[in-house]
Amino acid sequence: MRIVGLTGGIASGKSTVSNLFKSHAIPVVDADVVARNVLRKGTGGWKKVVAAFGDEILQANGEVDRAKLGSIVFSDPQKRQLLNRLLAPYISTGIFLEVLKLWMKGCKVIVLDVPLLFEAKMDKWTKPIIVVWVDHETQLQRLTSRDGTTEEEATNRINAQMPLDIKRSKADIIIDNSGSLDSLNERFLDVLVQVNKPLTWIEFGRSRQGAIIAFASVFAGVICRKIL
Ligand SMILES: CC(C)(COP(=O)(O)OP(=O)(O)OC[C@H]1O[C@@H](n2cnc3c(N)ncnc32)[C@H](O)[C@@H]1O)[C@@H](O)C(=O)NCCC(=O)NCCS
Ligand SMILES: Nc1ncnc2c1ncn2[C@@H]1O[C@H](COP(=O)(O)OP(=O)(O)OP(=O)(O)O)[C@@H](O)[C@H]1O
């Protein structure tokens, strides 16, 4: 199985690229969705976070007020690190289970869309690593217009992540998304060719089909030794 890492900065266009992969029948595990699920009311992650941050981060229905928690953690690095530490084990388990489901389905190529791929050191599990890059001005403008936030809030969020230029230097494949959606679509088609290259032997060995063949070979070997 080939596990492609997809990362970038906030609002650099990861979800837009993820949607392109999905539209070409490549399954995507979205870490933001996993992170949302592990913070649902009553889950282990929710209990830990409420114990650490108090009832004041809750809405009347008991769900976490994400905007409120966001405004706390994106303006205070220590509180953000605390939140990351509390949720990291739940998020990585959630991602692992999603990957396992796709492995059991026999998927050969999957994409992990993880905003904090490098920060959380999950890059060692993925190859190739795609970084969606944009210039700072475009990132700020897209973030403020998408989320309706002030420039200060948007800058806090951008600064909460590893600088995008450093992520870019760690990439196997760079998608520069500073231009139009048409140029993104065009660049994506090149990337799709690279992602869909035939699997290496190692990647094939990690796929469900590879595991079945390995198991069948060992089994046949044992039977042959018994017969001969
Ligand atoms: C603080 C929370 C409640 C704010 O929720 P909100 O709905 O406003 O934002 P959302 O979850 O949609 O995230 C939007 C983007 O913010 C960035 N982001 C989220 N969490 C973090 C973080 N801890 N550090 C840096 N950037 C982050 C990512 O680029 C993400 O794509 C939420 O982001 C959260 O629970 N974060 C901690 C979990 C986490 O690390 N998520 C990232 C998945 S790897
Ligand atoms: N090439 C483009 N031209 C114009 N707008 C774009 C382009 N690419 C993405 N956008 C817009 O920019 C915003 C951010 O894109 P997107 O949500 O895909 O980013 P993201 O990296 O997934 O963000 P997050 O880190 O918050 O999950 C969205 O409103 C999206 O529609």
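Since the model is a prediction, treat every value here as computed from it, not as a measurement. Worth knowing before you read on, the calculation uses all heavy atoms, side chains too, and leaves out hydrogens, waters and symmetry mates. In each ligand, atom 1 is the first atom listed, and ligand 1 is the first ligand listed.
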Going by the order shown, which atoms of ligand 1 are within less than 4.0 Å of some heavy atom of [X]?
X: Asn84; value: 22 (C), 23 (N), 40 (O)
X: Arg157; value: 8 (O), 9 (O), 14 (C), 16 (O)
X: Leu39; value: 35 (O)

Which residues pass the salt bridge (Lys or Arg N to Asp or Glu O under 4.0 Å) test with Lys167, sequence neighbours left out? Glu119
Do Thr16 and Asn19 pair up side chain to side chain, a donor and an acceptor below 3.5 Å, judged on atom types alone? no
Any chance the side chains of Ser178 and Asp176 put a donor and an acceptor closer than 3.5 Å? yes
Select the closest option to [atom] among [options], judged by heavy-atom distance.
atom: atom 10 (N) of ligand 2; options: Gln161, Gln141, Arg142; result: Arg142
atom: atom 3 (C) of ligand 1; options: Thr7, Ile57, Leu69; result: Leu69
atom: atom 36 (N) of ligand 1; options: Asp65, Leu83, Leu86; result: Leu83
atom: atom 27 (O) of ligand 2; options: Asp32, Thr16, Val134; result: Asp32

Does any N or O of ligand 1 fall below 3.5 Å from an N or O anywhere on Gln161, backbone included? yes
Proximal ligand 2 atoms for Lys14, defined as those under 4.0 Å from one of its heavy atoms: 18 (O), 19 (O), 20 (P), 21 (O), 22 (O), 23 (O), 24 (P), 25 (O)
Considering non-hydrogen atoms of the protein only, which is the closest contact for atom 33 (O) of ligand 1, and what is the distance? Arg66 NH2, 4.2 Å
Under 3.5 Å between some N or O of ligand 2 and some N or O of Leu184? no
Polar contact flag for Gly179 and ligand 2 (N/O pairs, less than 3.5 Å): yes
Quick one: does ligand 2 sit under 4.0 Å from the side chain of Ser180, the backbone, both or neither, non-hydrogen atoms only? backbone
